[in-house]
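First the structure, in the form of structure tokens, and then the observations on it.
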Amino acid sequence: NRNPAYYPLMQMQHYLEYISLQLLLGLVRILPQSAVYRLVKGLSRAGFMILKKRRHISLQNLRIAFPKKTEQERESMARNAYKNLAHSIAYNLLIQTHRISNEELQQAVTVENWNRFPRSDENNQAGTLFITAHLGNWELLPQFTALHQTTPIHVIARETSNPLIEENLVSPLRNRFGFNVFYKKNAVLHMLKALKRGEHVGILIDQKLNHRMHINVPFFGTPARTTPVPAQLQMRYKINVQPVCMIHLSRGRFKFIVGEPIEPVDSTLPEEQQIQELTARHQAAIESMIRDYPEQWFWMHNRWNVKDQA
């Protein structure tokens, strides 16, 4: 059992985190937008230099993904990945503080292949499972999509560890755009019910899975621990699966890319083989998007279980 002193200390930590974030948001409310971008960009540069473990992981990941590039090219890509992340954070802070309206967000995004986006109608009652990655500004995906169509949208996410931030900042933002969140505990059941109702669900599938339910499939040519859930749902319940991403074009401008739907595999194959092949297809679709915009992926995540630098 935890020491009884742990709980008031944790409450104090939550309070300090919440106050710190509110102070940052207060600063974002009064600074010119250009200054907000400069501030966050400066913090990202400092993070690249100070957070040695994350820098090491980023460079090791890039060595795995792009072994033919030079060390200088990979370091440039890593730095630009931090820069792009800073752009996303700055824009999202401006949304959080209502300095970017829903209308301005819609105008900031162009769409590639919107005709591929599924429409719910009498002939297509099944919902769609959208798979995506930590690429570009992924937080805008449910926000933009919820503003553009009436089919209910749900996303899979981890619950914020700080209840003050969750209740006072995260939940109001989701309510503003009208999408729902399924937290990872019992998420699969909620996903299935929503998809059967003809609703849409979005899930990030590019992170390492630590628990025993993962399977290994190639990602940039190297086996990676991966969730089989999208493949299981697609195979067993005939769910539509479609890759999407939200790419940076320039400061405050984005492109929403709707990929080709991923077709099911040969149903005569054993179930385990079908799941393996479908999961590999899902990862390949995400990898293709990352290869098109490599400086916009979250390389600081330990996707291939890179060991800490000695």
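Keep in mind that the numbers below use all heavy atoms, side chains included, and drop hydrogens, waters and symmetry copies.
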* What heavy-atom pair brings Asn216 and His214 nearest, and what distance separates the two atoms? -> OD1-CD2, 4.0 Å
* Lys/Arg N to Asp/Glu carboxylate O, Lys193 vs Glu199, below 4.0 Å -> no
* For the residue pair His154 and Phe182, categorise the inter-ring angle as parallel (less than 30°), tilted (30 to 60°) or perpendicular (more than 60°). => parallel
* Any salt bridge (Lys or Arg N to Asp or Glu O under 4.0 Å) involving residues 231-254? Give me the pairs, sequence neighbours left out, ordered by first then second residue. => Arg236-Glu271
* Does one side chain, of Asn92 or Glu139, offer a donor that lies under 3.5 Å from an acceptor on the other? -> no
* To do: Could you tell me whether a side-chain N or O of Asn113 sits under 3.5 Å from a main-chain N or O of Gly259, the two making a donor and an acceptor?
  => no
* **salt bridge (Lys or Arg N to Asp or Glu O under 4.0 Å) contacts in which one or both residues fall within residues 286-302, not counting sequence neighbours** => Glu287-Arg291
* Structure fact -> For Ala224, the side chain to side chain contact (heavy atoms under 4.5 Å, CB included) test, sequence neighbours excluded, returns Phe219, Thr226, Arg303, Trp304
* Short question: side chain of Gln234, backbone of Leu129 - any donor-acceptor pair under 3.5 Å? -> no
* To do: Would you confirm whether Glu167, through its side chain, and Leu164, through its main-chain N or O, come within 3.5 Å as a donor-acceptor pair?
  => no
* Asked: Is the backbone of Val229 close enough, under 3.5 Å, to the side chain of Thr227 for a donor and an acceptor to pair up by distance?
  -> yes
* Asked: Step by step, would you call Arg281 with Glu263 a salt bridge (Lys or Arg N to Asp or Glu O under 4.0 Å)?
  -> CA-CA 9 Å; Arg281 287 190 189 182; Glu263 299 298 327; over 6 Å; no
* Asked: For Gln273 and Glu277, what are the C-alpha separation, side-chain angles and deciding distance, and is it a side-chain hydrogen bond (donor to acceptor under 3.5 Å, both in side chains)?
  -> CA-CA 6 Å; Gln273 188 174 342; Glu277 185 172 335; 4.9 Å; no
* Please answer: with hydrophobic residues joined when any side-chain heavy atoms are less than 4.5 Å apart, are Met289 and Val155 in the same cluster? => no
* Determine, stepwise, if the pair Gln232 / Thr279 fulfils side chain to side chain contact (heavy atoms under 4.5 Å, CB included). => CA-CA 9 Å; Gln232 291 168 342; Thr279 302; over 6 Å; no
* **Stepwise side chain to side chain contact (heavy atoms under 4.5 Å, CB included) test for His56 and Met300** => CA-CA 8 Å; His56 168 69; Met300 50 287 291; over 6 Å; no
* Do you know which of Arg55, Lys53, Arg54 makes side-chain contact (heavy atoms from CB on, under 4.5 Å) with Leu51? -> Arg54
* Structure fact -> Between Pro228 and Ile215, the two heavy atoms sitting closest are CB-CD1, 4.0 Å
* **Residues which pass side chain to side chain contact (heavy atoms under 4.5 Å, CB included) with Ile89, listed by chain and number, not counting sequence neighbours** => Val40, Leu85, Leu93
* Test Asn180 against Ile153 for side chain to side chain contact (heavy atoms under 4.5 Å, CB included), laying out the working first. => CA-CA 6 Å; Asn180 183 44; Ile153 294 175; over 6 Å; no
* Enclosure of Glu272 CD (heavy-atom neighbours >12, cutoff 6.0 Å) -> no
* To do: Please determine if Lys41 forms a cation-pi arrangement with Tyr37, meaning its NZ or CZ atom is less than 6.0 Å from the six-membered ring centre and no more than 45° off the ring axis.
  => no
* Any ring pair (Phe, Tyr, Trp, His ring centres under 6.0 Å) involving residues 250-271? Give me the pairs, sequence neighbours left out, ordered by first then second residue. => Tyr91-Phe254, Phe144-Phe256, His248-Phe254
* Donor-acceptor pair, side chain of Asn61 and main chain of Trp299, under 3.5 angstrom -> yes
* Residues Arg174, Glu166: salt bridge by 4.0 Å N-O rule -> yes
* Among side-chain atoms of Asp206 and Trp297, is any donor-acceptor pair under 3.5 angstrom? -> yes
* Asked: Okay, side chain of Glu104, backbone of Ser101: is any donor-acceptor separation there less than 3.5 Å?
  -> yes
* Asked: Between Thr145 and Phe117, which heavy-atom pair has the shortest distance, and what is it?
  -> CG2-CZ, 3.4 Å
* Asked: So, does Gln283 use its side chain to make a donor-acceptor pair with the main chain of Ile205 at under 3.5 Å?
  -> yes
* Output, in order, the C-alpha distance, side-chain angles, deciding distance and verdict of side-chain hydrogen bond (donor to acceptor under 3.5 Å, both in side chains) for Gln11 and Tyr15. => CA-CA 6 Å; Gln11 289 177 345; Tyr15 181 75; over 6 Å; no
* Donor on one side chain, acceptor on other, Glu103 and Gln107, under 3.5 Å -> no
* Asked: Do any N or O atoms from the side chain of Thr132 and from the backbone of Val244 form a donor-acceptor pair under 3.5 angstrom?
  -> yes
* Could you tell me whether a side-chain N or O of Asn302 sits under 3.5 Å from a main-chain N or O of Asn305, the two making a donor and an acceptor? => yes
* **Any donor-acceptor pair under 3.5 Å from His301 side chain to Lys208 backbone** => yes
* What are the two closest heavy atoms between Gln242 and Arg116, and how far apart are they? -> NE2-O, 3.0 Å
* To do: Not counting sequence neighbours, which residues clear side chain to side chain contact (heavy atoms under 4.5 Å, CB included) with Ala78? List them please.
  => Phe48, Ser58, Leu59, Leu62
